[in-house]
Amino acid sequence: MEKLTSLIREIPDFPRPGILFKDITPLLEDADAFHFAVTEMATRAKGLRPTKIVSIESRGFIFGAPLAYELHCGLVIVRKPNKLPHKTTKIEYALEYGVDRLEMHVNSLQKGDRVIIVDDLLATGGTAAATAELVSRTGASVEALLFLCELPALHGRQKLKDYDVVSLVSF
Ligand code: AMP
């Protein structure tokens, strides 16, 4: 895990002043570290017997796809507004300033699906909580939310109290 932490680069004031951005690209560029991160996620997810991995645009896709492949699950993508071509179900959620929206295709999940939600990073938890709500509305069950890294100082877990939350590293 220390190697993973060392390969996440901190970029001050990106994309806005005051944000310390966690840049995961050095980790992705390191074959052993990327392989280890996905394998570790798969190890933690396997026992939950997921039927679908739900990944959040855009860096969630980077981990969601190999995880779904490894666990032989379907991959569902949750996207920013107006990106998905078919009929969608939508949710709005609060940002620091204003609101944002996430969308998922209406028939991506069925009642009885066991879902693991995947993203690269848990910060305030708004994105993950909105995605969990979107998934829950379909009748599918959220078995866990899985992140590469977590910023505990932002208390994202408080918005995800009803769910199991797993992160590989935290800062
Ligand atoms: P939040 O909804 O606040 O938990 O934000 C989570 C989403 O925003 C994730 O998809 C992250 O990729 C991104 N994000 C938020 N804060 C950061 C950060 N400091 N560094 C990198 N990505 C971030």
Side-chain angles (χ1 to χ4, degrees), residues 1-30 33-34 36-38 40-41 44-45 50 52-68 75-84 88-105 108-109 115-137 142-171:
M1 293 310 162
E2 275 155 36
K3 181 161 183 207
L4 296 186
T5 309
S6 72
L7 287 168
I8 298 172
R9 177 165 55 196
E10 297 192 327
I11 313 277
D13 300 320
F14 181 88
R16 289 196 310 272
I19 305 283
L20 184 59
F21 190 83
K22 303 287 183 189
D23 175 18
I24 62 166
T25 59
L27 186 157
L28 299 175
E29 290 159 6
D30 184 304
F34 185 36
F36 175 75
V38 174
E40 196 62 28
M41 283 181 160
R44 296 176 191 219
K52 295 270 169 60
I53 300 297
V54 170
S55 59
I56 307 174
E57 184 168 359
S58 60
R59 286 182 296 275
F61 298 168
I62 295 169
F63 295 97
L67 194 58
L75 176 68
V76 175
I77 56 177
V78 167
R79 300 208 64 181
K80 305 277 168 59
N82 307 318
K83 301 271 193 177
L84 288 170
T88 58
T89 168
K90 310 173 202 314
I91 188 161
E92 289 198 339
Y93 62 104
L95 294 176
E96 207 175 342
Y97 300 103
V99 292
D100 210 344
R101 200 170 84 213
L102 289 171
E103 300 182 355
M104 182 175 75
H105 275 152
S108 294
L109 295 172
V115 169
I116 294 183
I117 296 172
V118 177
D119 203 358
D120 67 326
L121 185 140
L122 174 62
T124 65
T127 311
T131 304
E133 169 64 22
L134 210 49
V135 169
S136 299
R137 281 184 198 165
V142 178
E143 297 301 319
L145 294 101
L146 185 50
F147 302 91
L148 173 72
C149 63
E150 174 177 359
L151 308 179
L154 297 180
H155 308 296
R157 282 177 189 252
Q158 281 179 11
K159 285 206 185 78
L160 301 169
K161 276 203 224 70
D162 297 339
Y163 307 104
D164 280 342
V165 176
V166 179
S167 55
L168 300 192
V169 300
S170 57
F171 287 88

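Counting starts at 1 for both ligands and their atoms, following the listed order. Owing to the predicted nature of the structure, the values given are computational and were not obtained by experimental measurement.
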Between Asp13 (side chain only) and Gly18 (backbone N and O only), is there a donor and an acceptor less than 3.5 Å apart?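 Checking the backbone N and O of Gly18 against the side chain of Asp13, a donor-acceptor pair under 3.5 Å is found.
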Taking only non-hydrogen atoms of Gly125, do any sit less than 4.0 angstrom from ligand 1?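 Per 4.0 Å heavy-atom rule, Gly125 contacts ligand 1.
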Close approach, Ile24 and ligand 1, non-hydrogen under 4.0 angstrom: no
Which protein heavy atom lies closest to [atom], and at what distance to 0.1 Å?
atom: atom 20 (N) of ligand 1; answer: Lys22 N, 2.9 Å
atom: atom 22 (N) of ligand 1; answer: Arg59 NH2, 3.3 Å
atom: atom 3 (O) of ligand 1; answer: Thr124 OG1, 2.5 Å
atom: atom 7 (C) of ligand 1; answer: Thr127 OG1, 3.9 Å

Does an N or O anywhere in Ala123 fall below 3.5 Å from an N or O of ligand 1?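 Between Ala123 and ligand 1 (N or O atoms, distance only) the closest approach is under 3.5 Å.
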At a non-hydrogen distance cut-off of under 4.0 Å, which region of [X] contacts ligand 1 (side chain, backbone, both, or neither)?
X: Leu151; answer: side chain
X: Leu121; answer: both
X: Asp119; answer: side chain

Give the table of side-chain donor-acceptor pairs shorter than 3.5 Å for residues 19-26, with sequence neighbours excluded, one pair per line with atom names and distance.
from, atom 1, to, atom 2, distance (Å)
Lys22, NZ, Glu10, OE2, 2.1
Asp23, OD1, Thr25, N, 3.1
Asp23, OD1, Thr25, OG1, 2.8
Asp23, OD2, Arg9, NE, 2.9
Asp23, OD2, Arg9, NH2, 2.8
Asp23, OD2, Thr25, OG1, 3.2
Thr25, OG1, Arg9, NH2, 3.4

From Leu20, Leu122, Ile19, Ile8 - option closest to atom 19 (N) of ligand 1 by heavy atom: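 The option holding the nearest heavy atom is Leu20.
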